[in-house]
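Nothing here was measured: the structure is a model prediction, and the numbers come from that model.
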Amino acid sequence: MEDMPQPQRGGNPDWMSRLPEELLDVPLYDLAVPGSHDSMSFCLDISSPVVRSESCLRLTDRLFPCCTRLCVYRWATTQQSVLRDQCELGIRFLDLRIAKKPAGGSKLFFAHGIYTLMTVKEALSELATWLNAHPKEIVIVACSHFESLTNEDHIHLVEFILSLFSRKLCSSQDVPTLRSCWSRGQQIIVSYDDMQMALQHPELWTEIPFWYANSPDPQKVIAYLEAQKSRGRPADFYVCGLNLTENTSYIFFHPCQSMRRMTTKALSSLLHWTAEQSPGPQRGGVNIICCDFVEVGEFCSIVIGLNYKLLDRACVQEPRPAGRSPGASPPDAAGTG
């Protein structure tokens, strides 16, 4: 145990290839995986309009565009690192919220309150380049929200994903482990939150449940996650969201604050909870853990380090619950952050 490689401090670009032999046949949904919440929010465009689904904000945006967009920018920016740097830190789950701008032509962007500067094709191409440089690392990508996308947009997007990643895609028909993915040259798992498209393409996975507390209070976030864990974990991939969420009242009483400041203040208690978790198929076993501003603190190293708890043979060999079905989740388990 003393000679086994441990997570690197400050960066974990190849942590999957450095895991002990005993963990190479564990399903990826039984490992602890660090993820970033709203992964593309580092490049929000403050000059873009508010997204169509935010009806109240769109009204204030018409009246006070400069103030509204600045406020949205401060609270909707949840990451500050480009995808390549997030992956270098050890992030292996990317939360991609795809949208189409009102006057953006056929190009697709990302959105969190407002739209991003970077397009979907640019971001995914950057990820493909990173994967080529790290052939034993596997990234899980969750495509969701699809603000204002048409059926034709979905078709073109899926065609692009299948063409770009090709044989690197891990089929939803497989039980992915590090060893099985390496043997097939697979490096990416794409969940697609449009059931019709996901079912048409076995290369895509259905929506991954995201446990999301929707609170600015870190203690309420922790209490929510503990309550969800007590009901039992989903059979396959799922996310515990450490992300805090502002509300109108919180913004009113904290006019000089931002999402980064709120997150940094709460990070100690959130990371303390994280360090106490254990991955695995058992009730309460964690899988993907998502956080905002993933470069702050030792979030990635703490999550990666949880996998070494699986070296207890009782955890590794514990049978999975019967009736496994992709994307299954307990009642009231899923949310959107």
Side-chain angles (χ1 to χ4, degrees), residues 7-8 10-16 28-29 31-44 73 75-99 109-113 116-118 120 122-124 126-128 130-131 134 137-145 187-191 193 207-213 218 221 225 237-245 258-260 262-264 266-267 270-271 273-274 277 286-306 335-337:
Q8 301 161 266
N12 303 279
D14 298 290
W15 67 265
M16 287 180 161
L28 294 183
Y29 38 72
L31 293 178
V33 177
S36 61
H37 168 245
D38 263 302
S39 306
M40 291 299 300
S41 63
F42 64 86
C43 63
L44 292 177
Y73 182 84
W75 289 101
T77 299
T78 63
Q79 304 297 337
Q80 293 191 318
S81 303
V82 299
L83 291 190
R84 178 185 64 253
D85 289 348
Q86 291 183 37
C87 291
E88 289 286 316
L89 284 169
I91 293 297
R92 294 296 179 269
F93 173 85
L94 299 173
D95 175 21
L96 304 184
R97 305 184 178 205
I98 298 171
F109 295 81
F110 305 93
H112 192 207
T116 60
L117 291 163
M118 186 176 286
V120 171
E122 289 170 340
L124 292 180
E126 177 189 332
L127 177 60
W130 188 88
L131 289 172
H134 300 269
E137 299 303 300
I138 299 152
V139 175
I140 305 160
V141 173
C143 299
S144 66
H145 286 60
Q187 285 189 269
I188 186 164
I189 291 167
V190 177
S191 78
D193 190 10
E207 178 185 7
I208 294 176
F210 195 120
W211 290 357
Y212 164 63
V221 170
L225 293 175
F237 294 110
Y238 86 102
V239 180
C240 288
L242 296 183
N243 49 296
L244 306 179
T245 306
S258 64
M259 178 59 73
R260 182 179 176 88
M262 181 171 73
T263 299
T264 302
L267 197 59
L270 294 173
L271 293 185
W273 177 87
T274 301
Q277 304 311 301
V286 297
N287 176 214
I288 301 163
I289 301 179
C290 263
C291 192
D292 293 330
F293 303 104
V294 294
E295 76 282 358
V296 178
E298 293 295 324
F299 166 70
C300 286
S301 292
I302 289 171
V303 176
I304 294 166
L306 299 179
T336 54

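For the pair Val239/Asp95, no side-chain contact is recorded, criterion being any heavy-atom separation below 4.5 Å from C-beta on. Between Cys87 and Arg92 the shortest side-chain heavy-atom distance falls below 4.5 Å. Within the 4.5 Å cutoff, side-chain heavy atoms of Met40 are placed close to those of Leu96. Using a 4.5 Å heavy-atom cutoff, the side chains of Glu88 and His134 are in contact. Looking at heavy atoms from C-beta onward, Ile98 lies in side-chain contact with Phe110 at the 4.5 angstrom threshold. The shortest side-chain heavy-atom distance between Ile140 and Ser191 does not fall under the 4.5 Å cut-off. Proximity of Asp292 to Asp38: side-chain heavy atoms (C-beta onward) are nowhere separated by under 4.5 Å. Two residues are said to be in side-chain contact when any heavy atoms from C-beta on lie closer than 4.5 Å; Ile91 and Phe299 meet this criterion.
Nearest heavy-atom pair, Cys300 versus Asn12, reported as atom, atom and distance to 0.1 Å: CB-ND2, 4.0 Å. Closest non-hydrogen pair, Gln79 versus His37, comes out as NE2-O, 3.0 Å. Here the shortest heavy-atom pairing between Thr263 and Leu244 reads CA-CD1, 4.3 Å. Of all heavy-atom pairs between Gln277 and Leu306, the closest is O-CD2, 3.2 Å. When all heavy atoms are compared, the tightest approach of Ser41 to Ala76 is CB-O, 3.5 Å. Phe42 and Ser81 get closest at one heavy-atom pair: CD2-O, 3.2 Å.
For Ala213, the side-chain contact (heavy atoms from CB on, under 4.5 Å) partners are Val221, Tyr224, not counting sequence neighbours. Contacts of Thr264 classified as side-chain contact (heavy atoms from CB on, under 4.5 Å), with partners at least two apart in sequence or in another chain: Arg260.
For the atom pair CH2 (Trp75) and NE2 (His112), the distance works out to 12.0 Å, reported to the nearest 0.5 Å. One finds the CG atom of Asn243 at 9.0 Å from the CE atom of Met262 (value rounded to the nearest 0.5 Å). Rounding to the nearest 0.5 Å places CD1 of Ile288 at 5.0 Å from CZ of Phe93.
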Show your working on side chain to side chain contact (heavy atoms under 4.5 Å, CB included) between Leu267 and Cys291 and close with a plain yes or no. CA-CA 9 Å; Leu267 197 59; Cys291 192; 4.0 Å; yes

Using side chain to side chain contact (heavy atoms under 4.5 Å, CB included), reason through Leu124 and Leu83 one step at a time and then give a plain yes or no. CA-CA 9 Å; Leu124 292 180; Leu83 291 190; over 6 Å; no

Working note: Leu28 + Ile138, criterion side chain to side chain contact (heavy atoms under 4.5 Å, CB included); need CA distance, chi angles, decisive distance, verdict. CA-CA 9 Å; Leu28 294 183; Ile138 299 152; 4.0 Å; yes

Under the criterion side chain to side chain contact (heavy atoms under 4.5 Å, CB included), I'd like the reasoning laid out for Trp130 against Val139: C-alpha separation, chi angles, the key distance, then a yes or no. CA-CA 10 Å; Trp130 188 88; Val139 175; 4.3 Å; yes

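No donor-acceptor pair closer than 3.5 Å links the side chain of Asn287 to the backbone N or O of Cys240. Side-chain atoms of Glu295 never come within 3.5 Å of backbone atoms of Leu89 as a donor-acceptor pair (strictly under, hydrogens ignored). The backbone N or O of Leu131 sits less than 3.5 Å from a side-chain atom of Gln187, completing a donor-acceptor pair. For Ser144 (side chain) and Asp193 (main-chain N/O), no donor-acceptor pair under 3.5 Å exists by modelled atom type.
Considering Leu127, Ile208, Ile189 as possible partners of Val141, the one that fulfils the side chain to side chain contact (heavy atoms under 4.5 Å, CB included) test is Leu127. When Phe210, Trp211, Tyr212 are each tested for a ring-ring contact (aromatic ring centres under 6.0 Å, His included) with Tyr238, only one passes: Trp211.
Ring orientation note: the planes of Tyr29 and Phe237 are nearly perpendicular, at an angle over 60° on the 30°/60° scale.
Side chain to side chain, Ser36 and Gln86 meet the donor-acceptor criterion of an N or O pair below 3.5 Å.
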